[in-house]
Amino acid sequence: SSSGSRPQHSCPQRRLGARERRDMQREILAVLGLPGRPRLRALPAAARLPASAPLFMLDLYHAMAGDDDEDAGSPGRRLGRADLVMSFVNMVERDHALGHHEPHWKEFRFDLTQIPAGEAVTAAEFRIYKVPSTQIFNTTLHISVFEVVQEHSNRESDLFFLDLQTLRAGDEGWLVLDVTAASDRWLLSRNKDLGLRIHVETLDGHSVAPGLAGLLGRQAPRSRQPFMVTFFRASASTIRAPR
Amino acid sequence: AVRPLKRRQPKQTNELPHPNKLPGIFDDIHSSHGRQVCRRHELYVSFRDLGWLDWVIAPQGYSAYYCEGECTFPLDSCMNATNHAILQSLVHLMKPDAVPKACCAPTKLSATSVLYYDSSNNVILRKHRNMVVKACGCH
């Protein structure tokens, strides 16, 4: 199995020399799309692992590895026939909430320059964790997400509505907002960060500060920080020329 | 004196053997030209060995298969199993009568997935379909 446990030897194995093995492994990993070893910013591995995005992606990895033969049914709606899934942690977070006049909002920025060219987006979602609100009780809230299409220095930014979820102020858990509709635009303007803005309103239209509604931002514990995940379907298969 | 009968040497031909007569693993492993017939070998690709484990989240490694020996396939080069599986099947599909199915054409391929960090600490899950030979024609 590809999960790392070694199958019994079914045929005689000739030991490769160290150099041969390294070349062979490097060649196979290149075919896997791991051409080179990236230089990670010095984050110790242990510090990274508990973060929410890798945990979520590890679950996806197990789901994807589980559906080894193609028609075992799709393990998850989003996973579907995706070949590549990327998670993005947000770089910048702006709060237009406490102390500002209405409407209150929270904005997240994502650097999408790492998306490989030629990939078609099949789905994209923004995940943010919500804890029970300590300020608002027994209230139904509308949580909507917009894409920041254009910012202006002298007036409000141009926004594009993406998704809306309705829940109770006392609810807790991961909120999944569908931002697939924004993907057409971001693939066209790769060098621009993707801006997502969250608005929270009560049923009678009053704006609530997202933090007061219980939505967590970058101050949250590592395992509950917001992130975006995008599912791609590769169009071209990579065939390597024979040595 | 009786002369011992001379053993007739097989006639040298340049044709490709008909695919059904390719030597199997239980036949005489040395074909008529003393070349070792192609065999499937297993290679465990270990990220740990390559020292890449701090950016590859899962798996720790995976089993791949590769062929070694002389394939009667006209390319006559020794490739790793994944390349072999994909390339050979394609050429056979394109020129079925010119290029026979090689001895270790895959009979079962499976996907493999790798989860890793990229240089911006984003997490990437990449799935490659039909990339690992699970079973092939050698046996």
Side-chain angles (χ1 to χ4, degrees), chain A residues 1-4 6-7 9-14 16 21-22 24-29 31-34 37-41 43 45 48-49 51 53-54 56-58 60-62 64-65 67-70 82-89 111 113-114 227 229 234 237-243, chain B residues 25 39-47 49-66 68 75 77-84 86-88 90 108 110-132 134-135 138-139:
Chain A
S1 81
S2 62
S3 62
R6 297 184 60 140
H9 286 294
S10 53
C11 59
Q13 185 177 27
R14 181 184 77 84
L16 285 178
R21 194 154 66 117
R22 194 170 281 277
M24 186 74 81
Q25 288 171 341
R26 200 176 297 281
E27 188 176 330
I28 289 177
L29 292 175
V31 172
L32 286 176
L34 300 172
R37 181 163 176 271
R39 293 279 151 258
L40 288 179
R41 291 192 220 119
L43 276 177
R48 267 182 281 131
L49 266 181
F56 170 79
M57 294 292 273
L58 197 57
L60 271 187
Y61 166 80
H62 291 311
M64 196 181 256
D67 75 335
D68 216 358
D69 52 5
E70 298 304 298
D83 296 313
L84 174 70
V85 186
M86 291 181 77
S87 77
F88 300 88
V89 289
D111 168 13
T113 50
Q114 300 291 324
F227 63 96
V229 64
S237 63
T238 53
I239 293 182
R240 285 180 47 77
R243 277 190 305 228
Chain B
I25 196 166
R39 279 173 171 251
R40 187 184 78 159
H41 295 269
E42 179 206 347
L43 166 72
Y44 180 69
V45 178
S46 159
F47 298 134
D49 280 357
L50 286 175
W52 289 5
L53 210 50
D54 58 350
W55 62 279
V56 173
I57 304 172
Q60 303 226 333
Y62 84 98
S63 296
Y65 297 92
Y66 68 92
E68 191 187 20
L75 279 182
S77 57
C78 186
M79 302 178 238
N80 64 33
T82 48
N83 267 347
H84 202 88
I86 298 170
L87 206 56
Q88 203 163 335
L90 278 178
K108 185 169 182 331
S110 81
T112 185
S113 305
V114 182
L115 184 66
Y116 59 96
Y117 288 102
D118 72 0
S119 52
S120 309
N121 274 347
N122 298 316
V123 180
I124 294 178
L125 172 58
R126 190 181 285 269
K127 175 173 186 173
H128 285 266
R129 301 177 191 282
N130 301 327
M131 285 306 280
V132 177
K134 280 290 182 194
C138 279
H139 45 82

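Naming: A, B, ... by sequence-line order, numbering from 1 per chain.
Taking CG of A:Asp83 as the start and CZ of B:Arg126 as the end, the distance is 9.0 Å to the nearest 0.5 Å.
With sequence neighbours left out, the ring pair (Phe, Tyr, Trp, His ring centres under 6.0 Å) criterion links A:Phe227 to A:Phe56, A:Trp174.
Of all heavy-atom pairs between B:Ile57 and A:Pro54, the closest is CD1-CB, 4.3 Å. Taking all atoms of both residues into account, the shortest heavy-atom contact from A:Met64 to B:Ser113 is SD-OG, 3.6 Å. Nearest heavy-atom pair across A:Met57 and B:Val123 is CE-O, 3.3 Å. A pairwise comparison of heavy atoms in A:Val89 and B:Asn122 identifies N-OD1, 3.8 Å as the closest pair.
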